[in-house]
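Proteins get letters first, then strands, A, B, ... in listed order; numbering begins at 1 in each.
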Amino acid sequence: MTTPRTPAPEALDAPIDDAALREILRGARTIAMVGASPNELRPSFFVARYLKLKGYRVLPVNPAHAGKTMLGETILPSLGAIPPEAGEVQMVDIFRRSSEAGAIVDEALETLLERGLRTIWMQIGVEDPAAAARARARGVRTVMNRCPKIEYQRLFGELRWGGFNTGIISSKL
Amino acid sequence: MSDDAPAYGFDTLQIHAGARPDPATGARQTPIYQNTAYVFRDADHAAALFNLQEVGFIYSRLTNPTVSVLQERLAALEGGVGATCASSGHAAQILALFPLMGPGDNVVVSTRLYGGTITQFSHTIKRFGWEAKFVDFDKPGQVARAVNKRTKAIFCESIANPGGYVTDLPRIAAVAERKGVPLIVDNTVATPYLCRPFEHGAHIVVHSTTKYLSGNGTAMGGAVVDSGKFDWSASDKFPSLSAPEPAYHGLKFHETFGPLAYTLHGHAVGLRDLGMTMAPMNAFLTLLGIETLSLRMERHVANARRVAEWLEQDPRVESVTYAGLKSSPHYRRARKLCPKGAGALFAFALKGGYDACVKLVDALQIFSHVANLGDTRSLVIHSASTTHRQLTPEQQEAAGAAPNVVRLSIGLEDPEDLIRDLDQALTKATS
């Protein structure tokens, strides 16, 4: 596997527009989800299941449930515990409160930078601008206060089926 | 939805939002998907749809591809996150309140409302154990005092039907914000072209799409649009959205779907169980109408102003209540909240009283005597003897439907023809 090209620094500071989100979602294949819950009613399970349906490999990370199985994957205790055979991890999705995001960002930068990490994504309600700045300084793009499931559905078509405003206008098939 | 999405102009959105060339055929106009059920790819797909883990079509009671286009278009025009269409404006009102209210709860509502809404709120919703508390919305202090622990929403119309009244949305929104309840605004008479309630602090908008949106008097419909801005989990007032939902195995809608929760609830619980679904054909007709909404509203407003000004100077007319006239106490508010015009619906009082009103309606040749508004055709109704007939005299007065008042919905005809028609009818009514 080749290491994806590092985006130019100015691209990292640019606002995350629809083109950037498309690139992020198309560029990822394996997503480590920190705070993933095996409880089928939890939002993280919804997102993990959806992303898996869309062809992503989702590596669940959650020390409280480490060792259990979720959507065919063993839940890992930490980002550092992702085994080498899992290959590259292009994206980390953080399902923890904002106060814990910084430490997760630092762990991701420490353990996954050499393994293809390109994007750190913080879920709706999760924000840590200082940690995001640290990630950008290392060449990693950050998305905050958004949901990859909602954005995937919005950008690639299904969300509008539910009557939601996607903001997308196109005259193309 | 996306803060960074390009901000398209209204005229572009009214034609394109929600629609794309049909992926199956390339058809450029939105097809009418006259269809009830949808094939699942496999068991996993079916399970994901039923668990709300994936958005998709199951059964047209919940969502239909033609209706979905209309929903997204309305959400885009109002600047909301999503919309749920319903079979009529009345259905939309019940659908809007349904996720918020339980037995013993109340909604604080304006006295200046469409008569049918007053009837729905003062009688029918009582059977659900819901109560409406009617308040003069020109007194925000009274609105605030009417809100109690069991209040789940505040409800008003942006431009009221029929009173020529414009609600001071920012002040009422401030009350709603302070009290931690959503402000629901019926934006039917204004349409999103003339007024965008979300920009003035409203949380939810409801529509009768039957009126200006479809525009030609062809299709019944309603819609609930959500701004996505209300925090349903900030209190325990809204358990349908913040607490586990038994019919979905204990799923919490707001926690799981964030800003999309209210709209999703409207489909997945509201339409699923109440079933007031919009027909695909009606969605199609409404979409066709919306494509020219801005053009029509400009002309509706210009014609209304011309006719109202003419009536105002006529000695047979006692008064004209239209927020688009400088004489209106609501003129400045209308300029602020509806800068493109105060709508095309207004009322005028006849010196001859109730009897003269009845005669006038009978004598009109171009204006149609119907219980509707927002048609391309000009319409007239004597509210006190029709749409507001079920109300008490006090309710009629408060709603701007006193016995000597006639309501006009000005259409797209030549305004000079409308004036001539009114002139001859006024002569007959007052002779």
Side-chain angles (χ1 to χ4, degrees), chain A residues 14-22 24-25 37 39-55 58 71-72 95 97 122-126 143-173, chain B residues 1-8 12-13 16-23 26 28 44-45 48 51-57 63 65 67-76 78-85 223 225 228 244 248-252 255-260 263-264 266-268:
Chain A
I16 299 293
D17 59 10
D18 286 354
L21 288 170
R22 278 198 183 91
I24 288 168
L25 292 167
S37 170
N39 178 346
E40 291 192 9
L41 293 176
R42 303 299 302 162
S44 59
F45 187 92
F46 268 56
V47 175
R49 163 139 197 206
Y50 181 81
L51 293 174
K52 186 166 184 272
L53 282 169
K54 294 297 159 188
V58 179
L71 296 168
F95 254 104
R97 59 179 65 113
M122 304 181 206
Q123 282 289 334
I124 291 176
V126 186
V143 182
M144 293 191 286
N145 197 27
R146 291 191 191 224
C147 172
K149 173 176 184 259
I150 291 177
E151 297 304 329
Y152 188 99
Q153 294 177 115
R154 185 174 72 79
L155 293 165
F156 302 112
E158 293 154 17
L159 199 64
R160 66 176 15 154
W161 294 350
F164 296 107
N165 184 7
T166 64
I168 294 166
I169 283 180
S170 171
S171 60
K172 305 297 174 214
L173 267 174
Chain B
M1 161 92 26
S2 167
D3 296 339
D4 313 307
Y8 293 105
T12 305
L13 291 174
H16 289 287
R20 54 177 291 200
D22 182 48
R28 183 58 273 223
D44 237 16
H45 179 223
N51 288 339
L52 304 180
Q53 286 159 339
E54 195 171 357
V55 180
F57 300 107
T63 45
V67 179
S68 290
V69 175
L70 176 59
Q71 288 170 159
E72 183 174 358
R73 186 161 307 169
L74 289 170
E78 288 287 1
V81 295
T84 311
C85 280
V225 188
Y248 281 104
H249 316 294
L251 170 86
K252 295 179 189 171
E255 180 189 67
T256 308
F257 303 113
L260 312 184
T263 298
L264 208 81
H267 288 98

Identify which part of A:Ser171 has an atom lying under 4.5 Å from any heavy atom of chain B, answering side chain, backbone, both or neither.
both
Ranking B:Leu70, B:Leu74, B:Leu251 by heavy-atom pairs under 4.5 Å to chain A gives rank one to B:Leu251
Select one option (side chain, backbone, both, neither) describing which atoms of A:Lys172 are under 4.5 Å from chain B's heavy atoms.
backbone
So does A:Lys52 have more than 12 non-hydrogen atoms from other groups sitting under 6.0 Å from NZ?
no
One option among B:Pro65, B:Gly258, B:Gly250 has the most heavy-atom pairs under 4.5 Å with chain A, and it is B:Gly250
Do you know which of B:Ala83, B:Gly56, B:Gly26, B:Pro23 has the most heavy-atom pairs under 4.5 Å to chain A?
B:Ala83
Segment of B:Arg73 engaging chain A (4.5 angstrom heavy-atom cut-off)
neither
CZ of B:Arg28: more than 12 outside heavy atoms within 6.0 angstrom?
yes
Residue part contacting chain A, namely of B:Asp22, when any heavy atom lies under 4.5 Å:
backbone
B:Pro259 versus chain A, heavy atoms under 4.5 Å apart: side chain, backbone, both or neither?
side chain
Working for side-chain contact (heavy atoms from CB on, under 4.5 Å), residues B:Phe257 and A:Ile150:
CA-CA 9 Å; B:Phe257 303 113; A:Ile150 291 177; over 6 Å; no
Atom group of A:Ile169 that falls short of 4.5 Å from chain B, counting heavy atoms:
both
Can you tell me how far CZ of A:Phe164 sits from CG of B:Leu264, rounded to the nearest 0.5 angstrom?
4.5 Å
Sorted by chain and residue number, the side-chain contact (heavy atoms from CB on, under 4.5 Å) partners of A:Pro43 (sequence neighbours excluded) come out as A:Phe95, B:Glu255, B:Thr256
Testing the basics here: between A:Gly163 and B:Ala75, what is the closest heavy-atom pair and its distance to 0.1 Å?
O-CB, 4.4 Å
With chain B, which of A:Arg49, A:Glu158, A:Glu40 has the greatest number of heavy-atom pairs at distances under 4.5 Å?
A:Arg49
For a quick test of reading the model, state the closest non-hydrogen atom pair linking A:Leu173 to B:Arg20 and the distance between them.
C-NH2, 3.5 Å
B:His267 versus chain A, heavy atoms under 4.5 Å apart: side chain, backbone, both or neither?
side chain
Between CG of A:Leu41 and NZ of B:Lys252, what distance do you get to the nearest 0.5 Å?
9.5 Å
About how many Å separate CG of A:Asn165 and OG1 of B:Thr263, when rounded to the nearest 0.5 Å?
10.0 Å
What part of A:Ile124 is in contact with chain B, defined as an atom under 4.5 angstrom from a non-hydrogen atom: side chain, backbone, both or neither?
side chain
Decide yes or no on side-chain contact (heavy atoms from CB on, under 4.5 Å) for B:Thr63 and A:Trp161, but give the supporting numbers first.
CA-CA 7 Å; B:Thr63 45; A:Trp161 294 350; over 6 Å; no
